[in-house]
Amino acid sequence: MKRIAIIGTGYVGLVTGCCLAEMGNQVTCLDIDKEKIDSLRMGGLPFYEPLLRELFDRVTGSHRLFFTNDYLKALAGAELCFLALPTPPGVGDACDTSILLQAARELASLMEAPLIIVIKSTVPMGTSQLVKEVISRELERRKIFIPFDVINNPEFLREGSAVSDCMRPDRIILGGENPVAIAIVRDLYLPLLSDPNKVLVMDSLSAELSKYAANAMLACRLSFMNYLSVLCETAGSDIEMVKRSLGFDERIGPHYLNAGIGFGGSCLPKDLLALRASASEYGLPTHLLDTILQINEEMKERFFDKIQEHFSDLSGKRFALWGLSFKPETDDLRKAPSLYLIQRLLEMGASVQAYDPVAMPKAKILMRNYEGLTFCEDEYEATDGADAILLVTEWKTFRLADFVRIKSMMRSAVIFDGRNIYNGLELRHWGFDYYPVGKPALRTETAR
Ligand code: UDX
């Protein structure tokens with residue numbers, strides 16, 4: 001059992017805190033947001049994440065997870081301190097590490113015992129060294145010597161499967177110099193790993209880059225598939241067939257090959273921008289990263305253009321928008337394609353009836369002043385009097401919708417499927433015009 005402090009209770013901090021507590025450690029999570037901490041103490045979770053509720057209740061109920069605003073309380077008796085703070089885009093899209101560095105300064109001003117500082121936040125190359133310098137300077141200012149280590153340990157969990165990703169990581173990356181500190185952090189994770197070789201020890205610069213490399217590689221695959229989907233639409237080939245043939249190639253593998261309306265979320269777009277800014281700082285060209293980002297923007301525009309092309313005039317049209325979050329199983333709306341679409345449709349004089357299984361409370365706050373946007377009780381209400389359904393997020397509930405009932409409620413039966421989840425032939429059979437991504441559209445008039 002280790003005593004662990006976690007600074008920052010966002011996705012990474014809170015999920016990591018729960019998982020480390022579940023493994024038997026004594027964890028105290030700190031956040032400067034007093035309201036958030038008060039709410040967590042009362043059992044309120046700041047976001048929706050599958051399995052988190054049960055895990056949270058278990059570890060708080062068994063007194064292994066605590067919350068505080070007070071650094072001294074968080075650090076009391078802690079051998080390890082995880083930094084899980086936001087690193088948002090800053091000047092020129094470069095990653096802004098000021099919140100992280102401020103937290104490092106704060107803890108150095110208060111620490112009284114040796115500490116291993118573990119950086120979980122996604123940070124650009126050189127940040128672990130900066131954290132080390134900030135802490136050393138603060139300890140010098142205090143005229144006190146306390147041994148400490150900084151380990152870079154990037155987090156790879158995905159929203160929507162954060163708990164299982166955290167409990168079953170593909171690999172653990174540890175960047176640092178001191179083998180003793182590395183061994184302590186390694187031992188913390190070993191119970192989660194089927195194979196101890198999944199712990200990869202390296203220098204901190206390489207660890208820092210590894211996180212950006214993973215997200216950029218995934219984004220690159222997605223933009224490549226999205227690019228191919230445009231080629232498929234133009235040539236009349238089928239991206240789903242191409243995807244399957246790629247996925248069975250063991251050198252390529254089946255993951256992150258779904259073409260669609262573009263990737264969103266807090267990480268892929270932000271990390272690509274930060275990686276591009278880093279490459280620029282090192283004086284390197286950035287054309288590959290520029291293109292990945294550009295294709296992603298174009299996918300959202302292209303989806304909108306398809307809708308506009310079908311209807312010619314969008315003014316007065318009513319759209320059922322299914323799915324608001326950037327992906328299923330999360331209520332996160334950051335960089336969600338739904339936001340772009342809603343804005344464009346409203347600008348053109350259309351109205352939108354939106355529904356999402358979990359993101360509605362956040363969406364209602366974020367888009368409270370949007371004239372022409374209404375939030376519905378379920379996917380069926382959203383289709384009432386609609387001219388088309390826009391499938392934006394592939395929630396399971398949308399897959400099994402009753403399209404016979406839905407058609408009777410709609411003004412015109414059209415589906416724009418931004419995630420390729422439906423069988424177009426079936427939909428056409430039921431009288432819908434069907435527009436997928438990267439496959440030929442199926443129109444009812446061409447069936448006759
Ligand atoms: C990502 C990384 O996967 C994770 O390792 C990191 O820690 C944080 O960033 P996340 O943003 O939660 O995780 O979601 P992810 O499941 O990776 O999806 C990212 C985006 O890609 C979503 O918009 C999703 O819809 C899109 N996507 C994913 C596709 O368009 N097609 C796919 O085949 C897979």
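All heavy atoms count here, side chains included; hydrogens, waters and symmetry mates do not. As the structure lists them, so they are numbered: ligands from 1, and atoms in each ligand from 1. Since we're looking at a predicted model, the values are computed, not measured.
Counted by atom type alone, D31 and T9 present one or more donor-acceptor pairs between their side chains at under 3.5 Å.
Residue contact annotation: C267 has a non-hydrogen atom under 4.0 Å from ligand 1. Look at R419 and you'll find a heavy atom under 4.0 Å from some atom of ligand 1. Between R221 and ligand 1 there is no heavy-atom distance shorter than 4.0 Å. Contact analysis leaves G260 out of contact with ligand 1, as no non-hydrogen atom separation drops below 4.0 angstrom.
A cation-pi arrangement, defined by a distance under 6.0 Å to the six-membered ring centre and an angle within 45 degrees of its axis, is present between R344 and F304.
Checked against the 6.0 Å centroid criterion, the rings of F56 and F47 do not qualify as a close aromatic pair. Here F416 and F319 keep their ring centres 6.0 angstrom or further from each other.
In this view, T383 and A320, W322, I389, I406, M409, M410 satisfy the side-chain contact (heavy atoms from CB on, under 4.5 Å) rule, not counting sequence neighbours.
Checked options L130, T87, L83; the residue passing with V123 is T87 (criterion: side-chain contact (heavy atoms from CB on, under 4.5 Å)).
Looking at E329, R158, H255, it is R158 that brings a heavy atom closest to atom 3 (O) of ligand 1.
In terms of protein heavy-atom proximity, atom 32 (C) of ligand 1 is nearest to L222 CD2, 3.4 Å. What sits closest to atom 20 (C) of ligand 1 on the protein, heavy atoms only, is F263 CB, 3.6 Å. For atom 2 (C) of ligand 1, the nearest non-hydrogen atom of the protein is N215 OD1, 3.3 Å.
Between the side chain of Q353 and the main chain of C376, no donor-acceptor pair closer than 3.5 Å is present.
Considering backbone and side-chain N/O of N258, one or more are found under 3.5 Å from N/O of ligand 1.
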